[in-house]
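Have a look at the structure below before the remarks.
Each chain gets a letter, A, B and so on, in the order its sequence line appears, and its residues count up from 1. Side chains are part of it too, since the values below use all heavy atoms of this structure and drop only hydrogens, waters and symmetry mates.
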Amino acid sequence: MPELPEVEVVRRGLAAAVDGRCIAEVRVLHPRPVRRHLGGPDDFALSLVGRTFAEPRRRGKYLWLPFTDGDALLAHLGMSGQFRVDEADRPLPQHCRVVFGFSDDGPQLRFADQRMFGGLAISVGGAELPDEVAHIAIDLLDPQLDLAALVSRIRTRTSGIKRVLLNQQIVSGIGNIYADEALWLARLHYDTPANAIPAATLTELLGAARRVMTEALAVGGTSFDSLYVNVNGSSGYFERSLNAYGREGLPCLRCGRPMLREPFMNRSSFRCPSCQRPPRRAAERG
DNA sequence: ACTATATCCTGTATGC
DNA sequence: TGCATACAGGATATAG
């Protein structure tokens, strides 16, 4: 599941593959991934021909590929979106939805997406920062991040801390995997009210999140299966470094107690029953 | 404004 | 063997 490190791996791959190249042909094989383009699939394809890509950008889990004309191709990988770069005579990847051919007859760009939660759109004037991304908060790897301000903002929230970490309008880029990793490192229960956490602890938590995402990025991200791969189709290696996510029943790597898996927001949360104790308030709620 | 939940989507795993 | 169900979880619409 692509979170910030995985999206950044893809961004870097795209930078090497498409920067400066001119689109000659676009084929939309399934309408759903371009559903945000109001003109429909055919208009999407025609509108892109003749444009030249500049250096891809990212904020949180959003990715956009600016064109030299000031517009941009906006992309979100959702759960299972992939960009692949391959010679035109190579077979299309499974679940391939959109194919881009270039005027230089070099490798094609292919967008594949099994579950189609992701998608592509044309952002008019979006080369710097697409309007569609303006509501997304700055992410933890952005040099412009004001950590103290973020800590203060988080402390105004009454929701459980994991909900806040997953809220892309407060801090972006964190998904279920890295949220659980950061909470384990900071020894926090996911349901601890954000406004009950000392500023110093929140600073530690965000530092942990930033560290774990930086380390994941360095090894190509986290892959559990073929749903996340880089533009060459290769997996990342961070799964072996996970301390919490997916470790139900396995010993906590700090204290040895068996890790728990609990339902949370239609997904799962993994935590240590001893290092990450529930807050009193959560117990009252039942 | 904030908070919480339902929804979209399909391949894989599991249970009967 | 088949059928049904649970699960994975991004962002967003909607309800409270």
Cation-aromatic face contact Arg35(A)/Phe44(A), 6.0 Å, 45 degrees = no
Side chains of Gln168(A) and Tyr62(A): donor-acceptor distance under 3.5 Å anywhere?
->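 There is no such pair between these side chains.
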Interatomic distance, [X] [atom1] vs [N] [atom2] [rounded to whole Å]:
| X | N | atom1 | atom2 | answer |
| --- | --- | --- | --- | --- |
| Gln82(A) | dT10(B) | CD | P | 16 Å |
| Asn266(A) | dA8(C) | CG | P | 10 Å |
| Asp113(A) | dA8(C) | CG | C1' | 14 Å |
| Glu248(A) | dA8(C) | CD | P | 9 Å |
| Asn195(A) | dC2(B) | CG | C1' | 12 Å |
| Ile170(A) | dA1(B) | CD1 | P | 14 Å |
| Leu165(A) | dA4(B) | CG | C1' | 17 Å |
| Arg35(A) | dT7(B) | CZ | P | 17 Å |

Can you tell me if the side-chain N/O atoms of [X] get under 4.0 Å from OP1 or OP2 in [N]?
| X | N | value |
| --- | --- | --- |
| Arg115(A) | dG11(B) | no |
| Arg157(A) | dT3(B) | yes |
| Ser80(A) | dG11(B) | no |
| Arg261(A) | dC7(C) | no |

Any salt bridge between [X] and [Y], counting N to O under 4.0 Å?
| X | Y | result |
| --- | --- | --- |
| Arg59(A) | Asp142(A) | no |
| Arg58(A) | Asp139(A) | yes |
| Lys162(A) | Asp180(A) | yes |
| Lys61(A) | Glu6(A) | no |

Go through the steps for Leu205(A) and Leu183(A) under the test side chain to side chain contact (heavy atoms under 4.5 Å, CB included), then give the verdict.
-> CA-CA 7 Å; Leu205(A) 173 67; Leu183(A) 289 167; 3.9 Å; yes
Map Thr156(A) and Met116(A) onto DNA chain B by nearest heavy atom, then report which one ends up closer to the 5' terminus.
->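 Comparing both residues, the 5'-ward one is Thr156(A).
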Give me the distances for all protein-to-nucleotides 10-12 of chain C N/O pairs that come in under 3.5 Å?
residue	atom	partner	partner atom	Å
dG10(C)	OP1	Asn176(A)	N	3.3
dG10(C)	OP2	Asn176(A)	N	3.3
dA11(C)	OP1	His76(A)	NE2	3.2
dA11(C)	OP2	Lys61(A)	NZ	3.4
dA11(C)	O3'	Tyr62(A)	OH	3.4
dT12(C)	OP1	Tyr62(A)	OH	2.9
dT12(C)	OP2	His135(A)	NE2	3.1

With hydrophobic residues grouped by side-chain heavy-atom distances under 4.5 Å, do Trp64(A) and Val18(A) end up in a single group?
->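 Unlinked, Trp64(A) and Val18(A) end up in two clusters.
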Sugar-phosphate, base or nothing in reach of Arg163(A), heavy atoms under 4.0 Å = base
Evaluate the criterion side chain to side chain contact (heavy atoms under 4.5 Å, CB included) for residue pair Asp69(A) and Thr52(A); output intermediate values, then yes/no.
-> CA-CA 8 Å; Asp69(A) 62 13; Thr52(A) 299; over 6 Å; no
Restricting to nitrogen or oxygen on both sides, can you table the protein-nucleotides 13-16 of chain C pairs closer than 3.5 Å?
none

